[in-house]
Amino acid sequence: MTKTGFVFANLFRKKTRTILTLLSVIMAFLLFGLLQSVNHIFDAGADFIGATRLVTQARVSFTQPIPLSMLPKLEAVPGVARVAHMQWFGGVWQENTPLFVFAVDPVRQHDVYPEWVMPDAQWKAFANTRTAMIAGRNVANQYGWKIGQKIPIRSNIYPQKDGSKAWAFDLVGIYDGSDENWQKQTNTVFISHDYFDEANQFSSGRTNFFMLKLAPGADGAKISSTVDKMFENSPDETKTQTEKDFNVGFIKQIGDIGMIVRWILFAVFFTLLLVVGNTMAQSVRERIPELAVLKTLGFSDGTVLGFVLAEATALVLVGGVVGMSIATLFGAMIEKGTGGQFALSVNGWVWMTGLVAIALMSLAVGLLPALRARRLKIVDALAGR
């Protein structure tokens, strides 16, 4: 029998115990893979290098409206090529299905976001139709919307002037993404800001944030600082950041996702450490006489230590790789099932973190039992002491 075969034979001496422990490891690393991919999305740092757009919002929160009168001042900042703006609508489809709906200026939106592609006739209809709306390809396919339909959408924030929260819009266009990555993000609905501003009961002449399209070679960090200093100590102080940072911060409004994920993973792996550590300790206790026999046959203390560590490593490695593989498969299924609206990618970075976790877990659960086996004295073991 080879050394590898000997390790696996010892590992599966108690098949039921080993299989249950292996399932625990698989589930732990399945959660690890999925949650780490989520954590990686939210912890991704901002970088002004290569940024093509910045987002300016109220310093306190993007939910606090800022005046549209800022627009010409922002467009006059050196390095800013064009400015668009968005107002969060708070849309609800049918009974209680939330929609990402924003009120925008159609022409400016088209200029600032060339990644959204749509026939020119539909862009013109969006600009010239008072009650127009356009929908992303994903959301239109999801709800079966067709161009020419009148789409009823409720707002959970803005009633019309008559007090009704039931709005109706004419679907004049369905936009798509310029490439595969942008196509996955076509889950937003845009309505005309002029109509919204005129018809809603509360808000007038204000918006939630501005999108600043940078001129080629413009220094994003410098422009961000310039914009915020321009409105410093005014009633409408601003916070300007990269579009990437803004999108992450937008979703983080529901809570500190990174911290939640880390605490969940801590609880999962602390429990796993106890379960697998107990399995290895019990396995070594049951085989003390056999380990003594190995030493009697000439196996060194280091070799016996290596056998026990190899068992722990094999158990965690097999469970970890299987769990991470299932997480990768689930991530792809989630992305496909949501039409790319939630791109959960268990990528190379997540796998690298998982392999490090496997190595550390193997050492943590196997080291103490292995050291006990190494220190084992033949006479005491055979005598049952």
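Everything numeric in this text was worked out from a predicted model, so none of it was measured.
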**OP:** Assess the side chains of T328 and S325: does a donor N or O sit below 3.5 Å from an acceptor N or O?
**Re:**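 There is no such pair between these side chains.
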**OP:** Compute whether any side-chain donor of one residue and acceptor of the other, for T240 and D228, lie under 3.5 angstrom apart.
**Re:**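 Looking only at side-chain atoms, D228 and T240 do form a donor-acceptor pair, the distance falling under 3.5 Å.
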Closest heavy-atom contact between [X] and [Y]?
X    : Y    : answer
V308 : M280 : O-CE, 3.7 Å
A58  : I66  : CB-CG2, 3.7 Å
G79  : A218 : O-CB, 3.6 Å
A125 : A132 : O-CB, 4.0 Å
A312 : S362 : CB-O, 3.9 Å
A140 : A135 : CB-CB, 4.4 Å

Using a 4.5 Å cut-off on heavy atoms from C-beta on, say whether the side chain of [Y] contacts that of [X].
X    : Y    : result
R154 : W93  : no
V189 : F169 : no
I223 : V77  : yes
V92  : P98  : no
H193 : M86  : no
H85  : Q109 : no
Y175 : T188 : yes
P67  : M70  : yes

Applying the 4.5 Å side-chain criterion to the ILVMFWY set and letting contacts propagate, would [X] and [Y] be lumped into a single cluster?
X    : Y    : value
L367 : L317 : no
L360 : L315 : no
V104 : F100 : yes
M118 : Y143 : yes
F209 : I157 : yes

Subject >> Working for side-chain contact (heavy atoms from CB on, under 4.5 Å), residues Q57 and Q241 >> reply: CA-CA 9 Å; Q57 63 173 64; Q241 57 194 325; 3.3 Å; yes
Subject >> Whether W263 and F266 hold their rings parallel, tilted or perpendicular, with breakpoints at 30° and 60° >> reply: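 W263 vs F266 ring planes: perpendicular.
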Interatomic spacing from [atom1] in [X] to [atom2] in [Y] - rounded to 0.5 Å:
X    : Y    : atom1 : atom2 : result
L355 : M324 : CG    : CE    : 7.0 Å
T56  : F231 : OG1   : CZ    : 8.0 Å
N208 : Q87  : CG    : CD    : 4.0 Å
I358 : L363 : CD1   : CG    : 14.0 Å
E243 : T52  : CD    : OG1   : 6.5 Å
S234 : D236 : OG    : CG    : 5.5 Å

Original post:
So with a 6.0 Å cut-off around NZ of K14, is the heavy-atom count from everything else above 12?
Top reply: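 No.
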Original post:
Above 12 or not: heavy atoms from other molecules or residues under 6.0 Å from NZ of K146?
Top reply: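 Open.
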Subject >> With Y158, the ring-ring contact (aromatic ring centres under 6.0 Å, His included) member among F89, F202, F196, W88 >> reply: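 Result: among F89, F202, F196, W88, F196 is the only option passing the ring-ring contact (aromatic ring centres under 6.0 Å, His included) with Y158.
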Original post:
If you draw the axis of the six-membered ring of Y113, does the NZ or CZ of R53 fall within 45° of it and under 6.0 Å from the ring centre?
Top reply: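 Ring-cation test returns yes.
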Side-chain donor or acceptor of [X] paired with backbone N/O of [Y] under 3.5 Å:
X    : Y    : value
D105 : S192 : no
K213 : D111 : yes
T129 : T131 : no
S300 : T303 : yes
S225 : A221 : no

**OP:** State which residue, out of L171, V172, I147, fulfils the side chain to side chain contact (heavy atoms under 4.5 Å, CB included) condition with Q122.
**Re:**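 Going through L171, V172, I147 one by one, the side chain to side chain contact (heavy atoms under 4.5 Å, CB included) with Q122 is satisfied by I147 alone.
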Original post:
Which residues pass the side chain to side chain contact (heavy atoms under 4.5 Å, CB included) test with N96, sequence neighbours left out?
Top reply: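 Side chain to side chain contact (heavy atoms under 4.5 Å, CB included) list for N96, sorted by chain: empty.
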**OP:** Might you work through the salt bridge (charged side-chain N to carboxylate O under 4.0 Å, His left out) test for R59 and E232, ending with a clear yes or no?
**Re:** CA-CA 10 Å; R59 187 175 183 84; E232 196 172 23; over 6 Å; no
**OP:** Please assess V80 against V83 for the test side-chain contact (heavy atoms from CB on, under 4.5 Å), listing each intermediate value before the final yes or no.
**Re:** CA-CA 8 Å; V80 175; V83 179; 3.6 Å; yes
Subject >> side-chain contact (heavy atoms from CB on, under 4.5 Å) between W145 and I151, worked out >> reply: CA-CA 8 Å; W145 294 346; I151 308 296; 3.8 Å; yes
Under 3.5 Å donor-acceptor pairs involving side-chain atoms of residues 21-34, not counting sequence neighbours:
from	atom 1	to	atom 2	distance (Å)
T21	OG1	R17	O	2.8
T21	OG1	T279	OG1	3.0
S24	OG	L20	O	3.1

Subject >> NZ/NE/NH1/NH2 to OD/OE distance under 4.0 Å, E198 and K161 >> reply: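 No, this pair does not count.
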Original post:
Is R108 paired with E75 through a side-chain N to carboxylate O contact shorter than 4.0 Å?
Top reply: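 Answer for the salt bridge query: yes.
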Subject >> W123 ring center near W116 ring center (under 6.0 Å) >> reply: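 Centroid distance W123-W116: not below 6.0 Å, so no.
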**OP:** For the pair D176 and T186, evaluate side chain to side chain donor-acceptor pair (under 3.5 Å) and give the outcome as yes or no after the intermediate values.
**Re:** CA-CA 6 Å; D176 213 334; T186 54; 4.6 Å; no
**OP:** In sequence, state the C-alpha distance, the side-chain angles, and the governing distance for F126 and V107, and then conclude on side-chain contact (heavy atoms from CB on, under 4.5 Å).
**Re:** CA-CA 9 Å; F126 185 31; V107 176; over 6 Å; no
